[in-house]
Protein chains: 2
Amino acid sequence: MSAPPSARTASAPLTPARKARERDVPPQLVHDPHETRLRLLDAAEALFAEHGYKGVSLRTITGKAGVNLAAAHYHFRNKEGLYRAVFERRVGPMNTERDTLLAACVAAEAQTGALDVAAVLDAFIGPSLRVGALPGGETFRRLSGRAAADPSPEVRRVVYELYDPVAMRFVEVLTRACPHLTREDLFWRLACAYGAMMYVRADSGRLQRLLGDDLSMADSAAAMHHLIPMLTAGFALPSLSAPPAEKKKKAK
Amino acid sequence: MSAPPSARTASAPLTPARKARERDVPPQLVHDPHETRLRLLDAAEALFAEHGYKGVSLRTITGKAGVNLAAAHYHFRNKEGLYRAVFERRVGPMNTERDTLLAACVAAEAQTGALDVAAVLDAFIGPSLRVGALPGGETFRRLSGRAAADPSPEVRRVVYELYDPVAMRFVEVLTRACPHLTREDLFWRLACAYGAMMYVRADSGRLQRLLGDDLSMADSAAAMHHLIPMLTAGFALPSLSAPPAEKKKKAK
DNA sequence: TAGAAGTCAAAACGGACGTTTGAATTTTTT
DNA sequence: AAAAAATTCAAACGTCCGTTTTGACTTCTA
């Protein structure tokens, strides 16, 4: 009957049961301290990735997790809370890695005097693709890729709150790294980089359909190896602003 | 009580009312020959673009269109039929333009002896962005961009059936245009191009959030002017296949 | 050991959904 | 003008949804 303890701040489990867990505790006797939570997160991650936020019901999720329907509301307050918790579990470490790599870029700048665009792109895109290498990370990679285009307000809220702060830091550094580009140039090149990253993340299978081969986007090292040079070459191009409205002028 | 006449093949309206319309007919007297159909298509296009396939109900659509709920089923059989009809109205002309421009590329190849990658990319991406210039096309541009990442089976069916045939032709021509690339190279560069195109189409507003400026993706000419050089530069890079697994070798 | 708090399970609630029905109405044809 | 076909309409059907309630069971605390 008591109020759900961890529902309002799903990222900070303060439960006594958790505290007991972190001490010694015979591991056989406590067979389900937070097991229900974990089963829900895993089932939700897989189902959201496959069918989208509106495409899955809590009944399907709790069914796959083998737990009661009400458990989802007990642990996560509501459907959006469960969705957000799925993201928080993965995005935290990912953002940490992003920040670490970005700091390394800025540190290198102090020595060489210039920012390496390829390294900045690597620091931004790399962690977001490497989550696929973690156990269970592959499905989350697809989930987050699809979330980028999901119009549901619940999804937009989660994506904005979790990704925006770090993304803004990268935009700032990239702006400094590309002094030859106008704000408009940067806008379109970022659109290209962001779109490519999200498309690889989502891995909709469309290209495999079109090419017919048995190619895969799962290998994050291969993805980085091909993507970074392409995008870096794009950012290296000179500014393209200004001329689009004119009709005929001799080139440059 | 009669069976819906145009429901099964929504793209071919054979209705007698239509035939009467195409003759002379005083245009004031017939105030709603296919007006219900059009109102439904317009309302559905706007609402699907904003909320996604699962995010809108037929009640909301018919409400906005000012028609009866059952009219949607009468004219389009079911929800997927309405969704598909929204696409068919726009994709037909778009695919025609794509094919025309692609044919021009191949014709130029016969003269110059080589395929212009930039022209092929232009022929593929240009028509898909220029639909935004048509009346009502801007909302469809966002709709189709979001549909690329929508996991609903209904959406996937429509997208595959309507876009795949032409897309496959472009893949074939692009393969010929880039003899220096392996199948794997092409896979990743297409992912980049496709992702960038879809991201601009969807225009989620994410980048505007991050950059803070009042930039816009609506201007298709500006979009092409920035995107094509970037992607062309990417396709022009030499092959990147093979080396990713090795640890240390001197470059090339 | 008694009680408080945390956890799970069964059942139900009200609402929204896609779809169907059957008749009324309009339009076209003869 | 009458018959036939096409279209619109109000109402309902059955289903699934997110959420809440209530109560039992377990675990920790004092």
Side-chain angles (χ1 to χ4, degrees), chain A residues 1-7 13-26 29-40 44 47 51-63 65-83 152-154, chain B residues 1-7 13-26 29-40 44 47 51-63 65-83 152-154:
Chain A
M1 193 187 288
S2 57
S6 60
L14 319 150
T15 334
R18 168 77 187 277
K19 283 188 289 186
R21 187 109 221 273
E22 288 172 350
R23 283 193 252 110
D24 39 1
V25 194
L29 291 184
V30 268
H31 74 301
D32 44 86
H34 280 180
E35 192 181 306
T36 301
R37 240 187 97 95
L38 286 179
R39 293 167 68 91
L40 274 171
L47 288 169
H51 302 108
Y53 182 78
K54 302 244 185 180
V56 204
S57 69
L58 286 174
R59 282 173 173 81
T60 307
I61 295 173
T62 52
V67 305
N68 188 273
L69 171 60
H73 292 93
Y74 175 76
H75 286 282
F76 306 101
R77 199 211 266 312
N78 54 26
K79 193 182 180 183
E80 180 179 346
L82 173 56
Y83 188 80
S152 310
E154 302 92 334
Chain B
M1 193 186 286
S2 58
S6 61
L14 320 149
T15 335
R18 169 77 187 276
K19 284 188 288 184
R21 187 110 219 270
E22 287 173 349
R23 283 193 250 110
D24 38 2
V25 194
L29 292 184
V30 269
H31 75 300
D32 47 84
H34 280 180
E35 193 181 304
T36 301
R37 243 187 94 95
L38 285 178
R39 294 165 68 91
L40 274 172
L47 289 169
H51 304 107
Y53 182 78
K54 301 244 186 180
V56 203
S57 70
L58 285 174
R59 282 173 173 82
T60 308
I61 295 173
T62 52
V67 306
N68 189 274
L69 171 60
H73 291 94
Y74 175 76
H75 286 282
F76 304 101
R77 198 210 270 308
N78 54 26
K79 193 182 181 184
E80 181 180 346
L82 173 55
Y83 188 81
S152 312
E154 302 93 334

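Just so it is clear: chains get the letters A, B, ... in the order the sequence lines come, proteins before strands, and each one is counted from 1.
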Let me know the distance between [atom1] of [X] and [atom2] of [N], rounded to the nearest Å.
X: B:Arg39; N: D:dT7; atom1: CZ; atom2: P; result: 16 Å
X: A:Leu47; N: D:dG18; atom1: CG; atom2: P; result: 12 Å
X: A:Leu40; N: D:dG18; atom1: CG; atom2: P; result: 13 Å
X: B:Arg37; N: D:dA6; atom1: CZ; atom2: P; result: 15 Å
X: B:Arg77; N: C:dG18; atom1: CZ; atom2: P; result: 17 Å
X: B:His75; N: D:dC9; atom1: NE2; atom2: P; result: 10 Å
X: B:Ile61; N: C:dT19; atom1: CD1; atom2: P; result: 11 Å
X: A:Arg59; N: C:dA11; atom1: CZ; atom2: P; result: 13 Å

What nucleotide among [options] has an atom nearest to a side-chain atom of [X]?
X: B:His73; options: D:dT19, C:dG18, C:dT21; answer: C:dG18
X: B:Asn78; options: C:dC8, D:dC17, C:dT19; answer: C:dT19
X: A:Asn68; options: C:dA10, D:dA10, D:dG18; answer: C:dA10
X: B:Ala70; options: C:dT19, D:dT19, C:dT21; answer: C:dT21
X: B:Tyr74; options: C:dT19, C:dT7, D:dT8; answer: D:dT8
X: A:Thr36; options: C:dC8, C:dG18, C:dA12; answer: C:dC8

Worksheet item: Within the pair A:Ser57 and D:dC16, is there a side-chain N or O less than 4.0 Å away from OP1 or OP2?
Response: no
Worksheet item: Between A:Leu58 and B:Leu69, which is nearer to the 5' end of DNA chain D once each is assigned its nearest nucleotide?
Response: B:Leu69
Worksheet item: Between B:Tyr83 and B:Ala44, is there a donor-acceptor pair closer than 3.5 Å when you use the side chain of the first and the backbone of the second?
Response: no
Practice prompt. Flag the pair B:Phe76 / B:Arg37 as yes when at least one side-chain heavy-atom distance between them is below 4.5 Å, and no otherwise.
Written response: yes
Worksheet item: Are B:Thr62 and B:Asn68 close enough that some pair of their side-chain heavy atoms sits under 4.5 Å apart?
Response: no
Worksheet item: At what distance, to the nearest 0.5 angstrom, does CG of A:Leu40 lie from NE2 of A:His75?
Response: 6.5 Å
Worksheet item: How is A:Ala71 classified with respect to the nucleic acid when contacts are heavy atoms under 4.0 Å: base, sugar-phosphate, or nothing?
Response: nothing
Practice prompt. For B:His73 and B:Asn78, work out which heavy atoms get closest and say how close.
Written response: CD2-CA, 3.9 Å
